[in-house]
A.B. asks: 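Structure incoming, see below.
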Amino acid sequence: MTEEKWGQLRTRLLKTVGQNNFTTWIEPLEFNSVDDGVAVFHVPTNFMGNYVSQNFADLILHEFSISGESVQRLAFRVAANSPARPVRQVEQPAEPFAEMQDGSGRDNGEAQWGRETTRPANTGAPLSAKAAAAAPMDTLQAAPLDPRFTFDNFVVGKPNELAHAAARRVAEGGPVTFNPLVLYGGVGLGKTHLMHAIAWEIRAQNPDLNVLYLSAEQFMYRFVQALRERKMMDFKHLFRSVDVLMVDDVQFIAGKDSTQEEFFHTFNALVDQNKQIIISADRAPGEIKDLEDRVKSRLQCGLVVDLHPTDYELRLGILQTKVQLQQKTYPDLEIADGVLEFLAHRISTNVRVLEGALTRLFAFASLVGREIDMDLTQDCLADVLRASERKITVEEIQRKVSEYYNIRMSDIIGPKRLRSYARPRQVAMYLCKKLTSRSLPEIGRRFGGRDHTTVMHGVRRIEELKSTDGQIAEDVEMLRRALES
């Protein structure tokens with residue numbers, strides 16, 4: 001690695017991390033050498049070395065890879081004659097801040113951020129709250145972006161095509177057409193992937209824009225830090241000077257009253273300046289418990305897009321894409337016909353579990369030196385496959401529907417034909433037909449001994465209403481999601 005190449009690499013980092021981050025953290029780095037896969041830098045202080053390794057190491061390693069350099073990790077020296085300080089291996093992105101929890105394991109809210117979490121000095125572990133607090137308040141530190149999470153690596157299917165299209169539109173820049181963009185959905189459906197992809201694309205298209213991506217937890221931490229250090233004016237100025245604000249997992253500020261109030265004012269200030277806001281959450285804004293009504297209202301005033309649970313075709317497409325990536329690491333491994341189809345059918349709830357299963361499968365096959373066939377798949381993934389075998393019962397559906405519509409379970413099963421009972425009963429019959437393997441006559445018997453033609457009529461009626469009645473469609477989708485979670 002020559003000084004000229006390092007200069008080119010620094011230029012690319014400037015476009016990626018923005019001027020503030022570059023001036024504060026990247027520019028002071030003095031490249032020294034690459035030896036046995038370790039890139040050595042000189043830094044002014046230990047704190048700077050730790051902070052760069054925690055927040056920018058993955059990105060720097062990615063840029064080294066693009067430059068054709070074989071670098072596996074980074075090390076920093078405070079002075080030319082000091083021993084090298086080893087930095088963590090960076091196969092996986094680390095959490096930017098230490099996690100604060102009470103003894104029960106629950107997030108203890110804003111007050112917990114005042115408590116320090118200590119770490120051994122040279123473990124390469126995440127920064128303690130005290131060390132993070134030492135970061136200057138006049139610069140905003142964004143969460144690191146995963147180089148794997150780009151639009152090119154995002155597999156599009158019917159369940160996520162609208163979310164993908166909306167994310168693409170925002171990432172293209174230009175006049176703000178919908179603000180905010182809210183992406184919501186269950187675990188492992190691609191929200192964070194799309195958020196990272198938007199940030200990468202905006203930075204590539206408009207490197208001069210100040211794009212800030214962070215989690216709701218980080219927003220809360222910075223807010224509490226500003227309160228503690230009496231630097232609220234600095235906090236307000238910094239957050240309201242960004243061009244694009246991206247907040248991941250906004251549900252985590254629910255119940256944190258002071259943080260919600262500051263988020264509300266920040267949101268209004270950015271919208272008034274016609275700055276783009278992009279939010280992700282695990283559910284629709286109106287369904288987030290303990291989120292203030294005024295915050296819900298602001299989030300709902302833009303485009304709210306649901307990432308639906310994956311269907312078989314999308315899961316199969318994701319697996320086929322991941323197999324191509326795995327075969328770069330394991331070029332000699334072969335995968336038998338039918339294995340991907342089997343996995344796409346059996347692991348249906350969470351894409352992360354699906355990708356993890358495939359990673360485990362390739363690693364296991366590499367270690368034992370065997371082809372990836374059905375026998376090896378079932379042996380290697382026995383625990384994952386058992387966990388995905390949970391069967392939804394008719395009784396579970398009846399109970400969930402009665403709770404959702406706030407009626408007694410006996411009224412769903414009973415003979416009453418009032419509309420307030422008949423419609424939930426038809427919804428329950430429809431879900432029984434779609435989510436269980438029970439026959440129509442057996443479903444009828446579970447609903448007070450009704451004939452199979454009654455069940456058939458109820459199923460058809462709900463199918464018709466789903467295309468004409470938005471409320472029924474939403475009810476059915478919410479119930480299905482709750483039952484499959």
Side-chain angles (χ1 to χ4, degrees), residues 106-113 162-163 166-167 170 176-187 189 191-192 194-195 212-227 232 235-236 238-240 242 244-308 400 403-407 420 469-482 485:
R106 298 188 305 271
D107 179 8
N108 203 22
E110 296 160 293
Q112 284 291 336
W113 290 99
L162 178 57
V170 169
V176 177
T177 54
F178 32 79
N179 203 15
L181 169 63
V182 179
L183 304 172
Y184 77 93
V187 175
L189 297 183
K191 303 184 301 297
T192 298
L194 283 178
M195 294 280 282
L212 177 63
Y213 167 80
L214 75 170
S215 68
E217 187 180 37
Q218 286 173 272
F219 180 89
M220 181 179 75
Y221 170 78
R222 295 302 298 241
F223 171 65
V224 174
Q225 178 189 353
L227 284 176
M232 278 307 300
F235 175 91
K236 291 176 184 291
L238 288 170
F239 271 92
R240 297 173 195 192
V242 301
V244 181
L245 176 63
M246 308 177 70
V247 181
D248 207 358
D249 290 323
V250 77
Q251 71 273 4
F252 287 121
I253 68 170
K256 315 293 193 304
D257 294 340
S258 299
T259 301
Q260 286 191 72
E261 181 175 359
E262 185 55 39
F263 178 80
F264 172 80
H265 293 308
T266 299
F267 184 103
N268 285 343
L270 291 174
V271 170
D272 289 344
Q273 298 174 58
N274 207 31
K275 302 296 180 64
Q276 181 68 60
I277 300 174
I278 306 162
I279 303 292
S280 81
D282 64 352
R283 67 202 73 180
E287 299 166 8
I288 299 177
K289 185 180 179 182
D290 296 329
L291 193 65
E292 291 182 2
D293 289 341
R294 58 179 178 174
V295 177
K296 290 180 183 179
S297 174
R298 292 297 188 276
L299 296 180
Q300 290 171 323
C301 71
L303 179 62
V304 180
V305 185
D306 184 6
L307 281 88
H308 297 284
K400 188 70 71 174
E403 291 172 356
Y404 185 85
Y405 286 104
N406 197 27
I407 60 177
S420 57
D469 189 328
Q471 185 60 53
I472 287 292
E474 184 178 344
D475 290 349
V476 171
E477 181 62 25
M478 289 290 297
L479 284 163
R480 185 186 63 77
R481 198 179 289 172
S485 62

A.B. asks: Under 6.0 Å between the ring centres of Phe239 and Phe219?
C.D. replies: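 Yes, close enough.
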A.B. asks: Starting at CG of Leu270, measure out to CD1 of Ile277 and round the result to the nearest 0.5 Å.
C.D. replies: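 Taking CG in Leu270 and CD1 in Ile277, the distance rounds to 5.0 Å.
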A.B. asks: Any chance you could measure Arg240, atom CZ, to Asn268, atom CG, to the nearest 0.5 Å?
C.D. replies: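 CG of Asn268 is found 9.0 Å from CZ of Arg240.
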A.B. asks: How close do Leu291 and Pro285 get, counting heavy atoms only, and between which atoms?
C.D. replies: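 Distance-wise, the nearest heavy atoms are CD2-O, 4.1 Å.
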A.B. asks: Atom NZ in Lys191, atom CG in Leu183: separation rounded to 0.5 Å?
C.D. replies: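 The NZ atom of Lys191 sits 9.0 Å away from the CG atom of Leu183.
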A.B. asks: Side-chain contact, heavy-atom cut-off 4.5 Å: Val295 with Ile288?
C.D. replies: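 The answer is no, as the side chains (C-beta and beyond) never meet within the 4.5 Å cut-off.
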A.B. asks: Under the 3.5 angstrom rule, does the side chain of Ser280 hit a backbone N or O of Tyr184 as a donor-acceptor pair?
C.D. replies: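 Between the backbone of Tyr184 and the side chain of Ser280 there is no qualifying donor-acceptor contact (under 3.5 Å).
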A.B. asks: Taking the side chain as everything from C-beta on, heavy atoms only, tell me whether Val305 gets closer than 4.5 Å to Leu181.
C.D. replies: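 Yes, close enough: below the 4.5 Å cut-off.
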A.B. asks: Quick one: does Asp248's side chain get under 4.5 Å of Met246's, heavy atoms only?
C.D. replies: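 They are not in side-chain contact.
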A.B. asks: With no hydrogens and no angle check, is any side-chain donor or acceptor of Gln273 less than 3.5 Å from a backbone partner on Ala269?
C.D. replies: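 It does hold such a pair.
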A.B. asks: Closest approach of Val247 and Ser215, non-hydrogen atoms and distance?
C.D. replies: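 Smallest heavy-atom distance, with atoms named: CG1-C, 4.2 Å.
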A.B. asks: Give, for atom CZ of Phe235 and atom CZ of Arg222, the distance between the pair rounded to the nearest 0.5 Å.
C.D. replies: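 Going from the CZ atom of Phe235 to the CZ atom of Arg222 covers 8.0 Å.
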A.B. asks: Are Tyr404 and Met478 side-chain neighbours, meaning at least one heavy-atom pair lies under 4.5 Å?
C.D. replies: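 Yes - at least one pair of side-chain heavy atoms lies under 4.5 Å apart.
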A.B. asks: Out of curiosity, Gln260 CD to Phe223 CZ, how far, rounded to the nearest 0.5 Å?
C.D. replies: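 Rounded to the nearest 0.5 Å, the CD-CZ separation comes out at 11.0 Å.
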A.B. asks: Which atom pair, heavy atoms only, marks the closest approach of Ala216 to Val250?
C.D. replies: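 In terms of heavy atoms, the two residues are closest at CB-CA, 3.8 Å.
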A.B. asks: Taking C-beta and beyond as the side chain, do Cys301 and Pro180 meet within less than 4.5 Å on heavy atoms?
C.D. replies: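 Cys301 vs Pro180: side chains touch.
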A.B. asks: Are the side chains of Arg294 and Glu261 in touch, meaning some heavy atoms are under 4.5 Å apart?
C.D. replies: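 SC-SC contact between Arg294 and Glu261 confirmed.
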A.B. asks: Rounded at 0.5 Å granularity, tell me how far CD in Glu474 sits from CG in Asp469.
C.D. replies: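 Result: 10.5 Å between the selected atoms.
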A.B. asks: Within 45° of the ring axis of Phe267 and under 6.0 Å from its six-membered ring centre, is that where the NZ or CZ of Arg298 lies?
C.D. replies: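 So Arg298 doesn't make the cation-pi contact.
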A.B. asks: How close do Gln276 and Asn179 get, heavy atom to heavy atom, and via which atoms?
C.D. replies: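 So the two residues come closest at NE2-OD1, 3.1 Å.
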A.B. asks: Under 6.0 Å from the CG atom of Asp272, do we count more than 12 heavy atoms belonging to anything else shown?
C.D. replies: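 Yes, enclosed.
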A.B. asks: Contact between Lys400 and Leu479 at the side-chain level, heavy atoms closer than 4.5 Å - yes or no?
C.D. replies: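 Result yes, sub-4.5 Å side-chain heavy-atom pair found.
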A.B. asks: Hey, which of Ile278, Leu303, Val304 is the one that makes side chain to side chain contact (heavy atoms under 4.5 Å, CB included) with Val182?
C.D. replies: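 Answer after filtering Ile278, Leu303, Val304: Val304.
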A.B. asks: Do the side chains of Glu477 and Arg283 get close enough for a salt bridge, i.e. N-O under 4.0 angstrom?
C.D. replies: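 Looking at Arg283 together with Glu477, the answer is no, because their closest N to O distance does not fall below 4.0 Å.
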